[in-house]
Student: 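Before I ask anything, let me first share the structure, which is written out below as structure tokens.
Note that the numbering runs from 1 along the sequence shown for the chain.
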Amino acid sequence: QVQLVESGGGLVQAGASLRISCAASGRSFSNYAMGWFRQAPGKEREFVAAISVSGAHTDYAGSVKGRFTISRDNAKNTAYLQMNSLNAEDTAIYYCAAGGYGDTANGYSYWGQGTQVTVSS
């Protein structure tokens, strides 16, 4: 089992930056690839970014590529999502996930409770 806790969400203005974190506990964090997903009101959960166990490989949704950066610190059991040039369309609850890889939510076994990111225009 892996427990995931997101933090760092909040209300920001369009164009601002924000970094959200995902702290893991339980079984070894460094054994799991990590992913970030988001869900806006009335919409399905969508893939944002993923990072491999070592951090050497990353993938991004087209809508965030070039603006968002996923990273991880295995010594701190924490994954991050740096979000730059935020716009209103980025408003959503952001979830981190572990135990899978790729852009499909069903591929992940463990999920955090989510952190709200709201971008005002």
Student: Distance check, rounded to the nearest 0.5 Å: E6 atom CD versus Q113 atom CD?
Tutor: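 Reported value, rounded in 0.5 Å steps: 4.5 Å.
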Student: Taking all non-hydrogen atoms of both residues into account, name the closest pair between G9 and I20 and its distance.
Tutor: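 Smallest interatomic distance, heavy atoms only, reads N-CG2, 3.8 Å.
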Student: Is any side-chain heavy atom of Q1 closer than 4.5 Å to one of Q3?
Tutor: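 Q3 vs Q1: side chains touch.
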Student: Between CD of Q116 and OG1 of T91, what distance do you get to the nearest 0.5 Å?
Tutor: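 If we round to the nearest 0.5 Å, Q116:CD and T91:OG1 are 7.5 Å apart.
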Student: Look up atom CD1 in I51 and atom SG in C96, then write down how far apart they are to the nearest 0.5 Å.
Tutor: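 Here the interatomic distance stands at 12.5 Å.
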Student: State, with a plain yes or no, whether a side-chain heavy atom of Q13 is found less than 4.5 Å away from one of L86.
Tutor: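 Q13 does not reach L86 side chain to side chain.
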Student: How long is the straight-line distance from CD1 of I93 back to OG1 of T115, given to the nearest 0.5 Å?
Tutor: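 If I round to the nearest 0.5 Å, the distance is 9.0 Å.
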Student: Give every donor-acceptor pair under 3.5 Å between a side-chain atom in residues 28-37 and any protein atom, sequence neighbours left out.
Tutor:
residue, atom, partner, partner atom, Å
S28, OG, S30, OG, 3.0
W36, NE1, Y80, O, 3.4

Student: Roughly how far, to the nearest 0.5 Å, is the OG1 atom of T78 from the CG atom of D73?
Tutor: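 So the gap between those two atoms works out to 6.5 Å.
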Student: Are the side chains of D90 and R38 in contact, using a 4.5 Å heavy-atom criterion?
Tutor: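 R38 reaches D90 side chain to side chain.
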Student: Please go through V53's hydrophobic cluster and name the other residues, only I, L, V, M, F, W, Y counting, with side-chain heavy atoms under 4.5 Å joining them.
Tutor: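 V53 shares its hydrophobic cluster with no other residue.
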Student: Do Y95 and V48 belong together in a cluster built from hydrophobic side chains that touch within less than 4.5 Å?
Tutor: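 No, separate clusters.
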Student: Hey, can you pull the donor-acceptor pairs under 3.5 Å for the side chains in residues 99-112, sequence neighbours left out?
Tutor:
residue, atom, partner, partner atom, Å
Y101, OH, D59, OD2, 2.8
Y108, OH, G102, N, 3.2
Y108, OH, G102, O, 2.9

Student: Establish whether F47 and F68 are linked, either directly or via other cluster members, by ILVMFWY side-chain heavy-atom contacts under 4.5 Å.
Tutor: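 F47 does not cluster with F68.
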Student: If we check side chain to side chain contact (heavy atoms under 4.5 Å, CB included) with S17, which of these qualifies: M83, R67, Q82?
Tutor: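 The single option meeting the side chain to side chain contact (heavy atoms under 4.5 Å, CB included) with S17 is Q82.
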